[in-house]
Amino acid sequence: MADVVIIGAGVVGAAAAMELSKYKLDIVLLERENDVAVGTTKANSAILHAGYDPRPGTLMARLNVRGAVLAKEYCAALDVPYRQCGSMVLAFSEKEEDTLRELLDRGVKNGVPGLEILSGDEARAREPALADTVAAALWAPTAAVVSPWELCLAFAETAVRNGAELKLNTAVTGVERAGDGWLVHTNRGDIGTRYVVNAAGVDSDAVHDMVAEHSFDIRPSRGEYYLLDKAEGTRVNTVVFQCPSERGKGVLVSPTVHGNLIVGPNAEGSDKHDLATTAGGLDFVRETARLSVPGVDFSKSIRNFAGVRANTGRDDFIIGVAAPGFVDLAGICSPGLTSAPAIGEYAVELLAGEGLPLEKKDDFIFERRRIRFKELPEEERRALVERDPAYGRIICRCETVTEGEILACLRTPIPPVSVDGVKRRVNAGMGRCQGGFCAPRVVEILSRELGVSPGEIVKDRAGMNILVGETKGGDADV
Ligand SMILES: Cc1cc2nc3c(=O)[nH]c(=O)nc-3n(C[C@H](O)[C@H](O)[C@H](O)COP(=O)(O)OP(=O)(O)OC[C@H]3O[C@@H](n4cnc5c(N)ncnc54)[C@H](O)[C@@H]3O)c2cc1C
C-alpha cells in the first residue's frame, strides 16, 4: 500500500511529489499520458509572475509570492532555464493608470519587492520598442521567464530520483474509500493508498467528484499564442503586459528563456482539451499586442499553439481537504506555474494535518545537471567529443543539439518516448525549422535506443504516430 498517490504529473503534481519525496514515504505519481508536463504545464506564457495581481489575503496571493521565490532557488539547484528579466504592466489611459496604482497597492500588501510606477518616457527608456501611446507602467523587477516543462521535469525527476514511483499511461477512473485509506482505480489496475492528492489540472473537478459532493466546475478558457523566431527574440527584454481584466492578464509580449519572442494569449471559453488555434483568435492576439509593441514582426512566426486555463469563476485556487486524507489542488489557473513550488509545500502541510507522518530523509538528492553542448566553450566541446563522439554529431541544426545530449536524456530518471519528449528535454526541434530537419533523425535514434520499430514512435501523445506505412522497398513513408 502506498502512503500517497498523486493524480496528475503536471507542474503541480510534480511539485507535490518532489516535496513529499523529502520524507520517508511511499509515493506514487499517476499520469494518464506517456510523459510528464503534457497538460497545461507545457502550453502557457512561461512567466514567473511577481505577485501583484492576486487579491491580497487569498491563497493565490500567498502562494504566488512564495512560489516565485522558491522557483528561483529550485531552478538554480535543478538546472532549469530561468531569467529574471522583470515585467511591466502598461497603462494607456488615466483609468488604466488607476489600475496600475491598484496593482501596486496589491503588490505591496502581497509582499512583492521593488515595485515602481514609471512614466511613459521612463518605460520607453527601458524598452524602446514600446508604443508612443504608453502613458505609464508598473515595473516589477522580480518577474522572470522560465522553461515550464523543464521545471516540471526537474520536479518529477527529483521525486523519482528520491524514490517516488511514476506510473505513466495510467488514467485514474475512480477513487473509493477502503478502510482508513483509499482504493484508486486505474486503467492498469487498482492501487491502495492512505492518502490521495488531486492534481488533475482541467480535470480536477471530475477527480474531486469521485470522492466528494460536486462543489465546483472547471470553466476552461483557451489562450492562443504566437512563438516568433530568435530574430525577434530581443524585440523586448522584459515581459510586457497590458492591464488585466476579468478575462485574464491580457495579451503579453515577452522574451522566452530560450531566446524567442512569445505573444499572446487571448481568452475564449472552450472545451477542456481543445488546443486548436483559430484565425480569429490569432488576429486578436496580433492586433492587441501591436498596441503595446507596434513593431513586432509576425512574419517571423515559427509556431502557433494554445493552452487551456483551469478557471473556476472564483478568484482563488481551490486547495483543501475534500474528504479525509484526500487533498484537492484544483482550479490551478494562472499563476499556477509560478505558485507550483509553494502549492507543493502547502500540500505536504495539508496532508500532515490529515495525519500523514513526516520523517525527513537525510539522503535527499537535490541536484540535476545536463550538458548543453551549444553553451560550452570551444575547448570543452572538443574534450567532450573526444571522450564521446556522439557529442560530435549534430542532430538539430537550428538549436545545435547533439546525439550525445539525446542519448543522455534517454538515461535520465524519466526517459522520453516521443519526439516531443526529446524536444522538451534537449530542445531538438524547437528552432526555426520546428523539427523539419531533425525529427526523422530523432525517430531513428528513439527507435534504435528503445528497441521498437520507427512506426511505433509517436510525435507526442499515444496515437500520434509519425510513420504510417512502408514503401515496397521497405522504407517507411513519412
Ligand atoms: C494560456 C495560459 C497562460 C498561462 N500563463 C501562465 C504564466 O505565465 N505563469 C503562470 O504562473 N501560470 C500560467 N498559467 C497557468 C499554468 O500553466 C497552470 O496553472 C499550471 O500549468 C497548472 O498545472 P497543473 O499541474 O495543475 O495542470 P496540468 O499541467 O494540466 O497537469 C495535470 C495533469 O493531470 C493529468 N490527469 C488529469 N486527469 C487525470 C486522470 N484521471 N488520471 C491520470 N492523470 C490525469 C493530465 O494528463 C495532466 O498531465 C497559464 C495557463 C494558460 C492556459
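First listed ligand is number 1; within each ligand, the first listed atom is number 1. Quick note: residue numbers are just sequence positions, from 1. Computed from a predicted structure; not experimentally measured.
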- prompt: Do any nitrogen or oxygen atoms of S339 come within less than 3.5 Å of a nitrogen or oxygen of ligand 1?
  reply: no
- prompt: Judging by distance only, is a nitrogen or oxygen of L337 under 3.5 angstrom from one on ligand 1?
  reply: yes
N or O contact, A171 vs ligand 1, cut-off under 3.5 Å: no
- request: For T338 and I47, indicate whether the former's side chain and the latter's backbone hold a donor-acceptor pair under 3.5 Å.
  value: yes
Charged tip of R194 within 45° of W182 ring normal and under 6.0 Å: no
Check: P265 N/O within less than 3.5 Å of ligand 1 N/O: no
Y195: ring-ring contact (aromatic ring centres under 6.0 Å, His included) partners, not counting sequence neighbours: none
- prompt: Any non-hydrogen atom of V202 lying under 4.0 Å from ligand 1?
  reply: no
statement: Closest heavy-atom approach to atom 39 (C) of ligand 1 among H49, E31, R32, K167 is made by R32
- request: Would you please name every residue forming a ring-ring contact (aromatic ring centres under 6.0 Å, His included) with Y82, sequence neighbours left out?
  value: none
field: Heteroatom distance test (R309, ligand 1): nitrogen or oxygen, under 3.5 angstrom
entry: no
query: Below 4.0 Å from any atom of ligand 1, is there a heavy atom belonging to V36?
result: no
task: Would you please test F305 and Y226 for ring pair (Phe, Tyr, Trp, His ring centres under 6.0 Å) and show each step?
output: CA-CA 7 Å; F305 68 91; Y226 277 92; over 10 Å; no
